[in-house]
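Basis for what follows: all heavy atoms, side chains included, without hydrogens, waters or symmetry-related copies.
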Amino acid sequence: MRDPLTALTDAFTSFLFGKVETTRLPVRTSTGQAQAVYLPTAAPGLGDSGVIIGREVYSGKGYIYDPFQLYGQQLPAPHWLVLGESGNGKSALEKTYVLRQLRFRDRQVVVLDAQGEDGVGEWNLIAEQLGITPIRLDPTAALDHGIRLNPLDPAITTTGQLALLRTIIEVAMGHGLDERSGFALKVAHAYVNETIVERQPVLSDIVEQLRHPEPESAEAMNVAIEDVRAWGLDVALVLDRLVDGDLRGMFDGPTTVGIDLDAPLIVFDLSHIDRNSIAMPILMAIVGVWLEHTWIRPDRKKRIFLVEEAWHIINSPFVAQLFQRLLKFGRRLGLSFVAVVHHLSDVVDGAAAKEAAAILKMASTRTIYAQKADEARATGRVLGLPRWAVEIIPTLTPGIAVWDVNGNVQVVKHLVTETERPLVFTDRAMTESASSPGYDDALRAAEREAEERAAAFVEQHLGDSESTVA
């Protein structure tokens, strides 16, 4: 009971100034009971159809992502950029993502594997497990009946062949072809295609025709035959490198019979090529155009093109333009391009800044692993990330990344199942872990914390892929 004097004072005060707030006695309860009163909030997910990545860190919800399910509704383009320093989990994410995508019957993946140890690429173990032989492009092996890809393969249209030849030459020369050199190349290519019908034309045929052009080629433009030969000399010297130089054997013969373009996983092993040489962008250009004309087909399959060390593509203006066209073309035919880059500054400050910006703009999904503070701020400016995401990137631990899916930004913990672990974490295949020995321990500790809530959920859905299809 309240004191009578206090009650009288409160009544008089209420009469003069209006009703005052009442005081309530404190209530003691548990967090389990209070959670129904103070509901937590979390960012909306991306739906329940697609591939399981792991769990959203703050809410603990399962995180599901699939560019093919989201395209046209939540995604304007199905392309994906993965960023982060070595040792934070990019490689583990790529591998598990591909393995989980392949559980769908209408998916097909091509990987350009530019890293490796012990003489093989880091995707070799996964390929072996799936019964697939990687397409290993190796100049030494090519001389001994190794893998060859022919830029003049009849499966590629004549327009595509000429575009590929120009790209190869421009990448090697470091500048565009002038009109006279371009004319010499065009007439040599046309003559070779018209006259060689009993076999596949090869690069040595183009080189020979550039060195010894036909009189008809000169007469058609009313110029001297010596002029046409002079115009094509530099072009012939560049192509000769693929025929009789340090890249010989890989592209100077008919395409190797037996390359299975219908396999669910196709791995191009580029680990024997010097990643810092001009050979790498040339290889990227040839493989890109060859796939465009032989692999991408209107058969309603969903295709994924994953490129490691992608700065080799984006840093060359001519190769970047080629892949930019491939992205635009492939979007209509169900192609998702996945570019893996260590630092965004590798491409935005390079020679192909304009082309890089166009490709980055087409990537509606961005996954950013831990970076140093300065790099994180630069990444945030280029990609338009919210401030809180930029501030958290330097603090991320291995296996955790900021995901930006067309403006839906969440922090996601990647989970690896016990079935996948032997294929993902090996001393040889996981080259990123070699530079960060604590990665596996950190990942295991984080997974133990989330195991009861997430592991059963992941295994259940991976065991029944049809249940995750919209």
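Applying the salt bridge (Lys or Arg N to Asp or Glu O under 4.0 Å) test to every pair with at least one member in residues 67-82, sequence neighbours left out, gives no pairs at all. For residues 66-83, the salt bridge (Lys or Arg N to Asp or Glu O under 4.0 Å) pairs, not counting sequence neighbours, are D66-R107.
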With salt bridge (Lys or Arg N to Asp or Glu O under 4.0 Å) as the criterion, how do K95 and E420 come out once you've worked through the C-alpha distance, each side chain's angles and the decisive distance to 0.1 Å?
CA-CA 9 Å; K95 292 175 181 176; E420 297 164 326; over 6 Å; no
Please lay out, stage by stage, how L93 and Y369 fare under the test side chain to side chain contact (heavy atoms under 4.5 Å, CB included).
CA-CA 11 Å; L93 175 65; Y369 283 90; 3.4 Å; yes
Check the pair Y58, V411 against side chain to side chain contact (heavy atoms under 4.5 Å, CB included), reporting the backbone distance first and the verdict last.
CA-CA 7 Å; Y58 299 125; V411 182; 3.8 Å; yes
Using side chain to side chain contact (heavy atoms under 4.5 Å, CB included), reason through W295 and L335 one step at a time and then give a plain yes or no.
CA-CA 11 Å; W295 178 58; L335 174 69; 3.9 Å; yes
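Here K372 pairs with E85 under the salt bridge (charged side-chain N to carboxylate O under 4.0 Å, His left out) rule; sequence neighbours left out. By the salt bridge (charged side-chain N to carboxylate O under 4.0 Å, His left out) test, R199 is found to be paired with D205, residues two or more places apart in sequence or in another chain being considered. N406 meets the side chain to side chain donor-acceptor pair (under 3.5 Å) test with no other residue; sequence neighbours excluded. The salt bridge (charged side-chain N to carboxylate O under 4.0 Å, His left out) check on D260 picks up nothing, with sequence neighbours excluded. Annotation: side chain to side chain donor-acceptor pair (under 3.5 Å) contacts of D113 (sequence neighbours excluded): none. Every residue meeting the side chain to side chain donor-acceptor pair (under 3.5 Å) condition with E128, not counting sequence neighbours, appears here in chain and number order: N124. With sequence neighbours left out, F251 forms a ring pair (Phe, Tyr, Trp, His ring centres under 6.0 Å) with no residue at all. Every residue meeting the side chain to side chain donor-acceptor pair (under 3.5 Å) condition with Y65, not counting sequence neighbours, appears here in chain and number order: T365.
Formation of a donor-acceptor pair under 3.5 Å by the N150 side chain with backbone atoms of P201 is found in this model.
Other residues, nucleotides and ligands contribute more than 12 heavy atoms inside 6.0 Å of the NZ atom of K301. Other residues, nucleotides and ligands contribute more than 12 heavy atoms inside 6.0 Å of the CD atom of Q200.
No hydrogens or angles considered: nothing links the side chains of W403 and E56 as a donor-acceptor pair under 3.5 Å. Side-chain atoms of W80 and T367 form a donor-acceptor pair, as typed in the model, at a separation below 3.5 Å. Side chains of S336 and H79: a donor-acceptor N/O pair is absent below 3.5 angstrom, by distance only.
The minimum heavy-atom distance between A373 and P394, with the atom names listed, is CA-CG, 3.7 Å. The two residues V405 and L70 have their closest heavy-atom pair at CG1-CD1, 4.2 Å. Closest non-hydrogen pair, A77 versus M362, comes out as CB-O, 3.2 Å. A127 and V267 get closest at one heavy-atom pair: CB-CG2, 4.5 Å. Smallest separation of non-hydrogen atoms from M284 and V307: CE-CG1, 4.0 Å. Residues P264 and I132 share a closest heavy-atom pair of CG-CD1, 4.4 Å.
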For residues 376-393, dump all side-chain donor-acceptor pairs below 3.5 Å to protein atoms at least two apart in sequence or in another chain.
from, atom 1, to, atom 2, distance (Å)
R377, NH2, D374, OD1, 2.2
T379, OG1, Q371, OE1, 3.0
T379, OG1, E375, O, 2.9

Under 3.5 Å, sequence neighbours excluded: what are the donor-acceptor pairs made by side chains of residues 160-173?
from, atom 1, to, atom 2, distance (Å)
Q161, OE1, H189, NE2, 2.9
Q161, OE1, N193, ND2, 3.2
Q161, NE2, L152, O, 3.4
Q161, NE2, D153, O, 3.2
Q161, NE2, I156, O, 3.1
T167, OG1, A163, O, 2.9
E170, OE2, L177, N, 3.3

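Look at K90 and E308 and you find no salt bridge, because none of the NZ, NE, NH1 or NH2 atoms lies under 4.0 Å from a carboxylate O.
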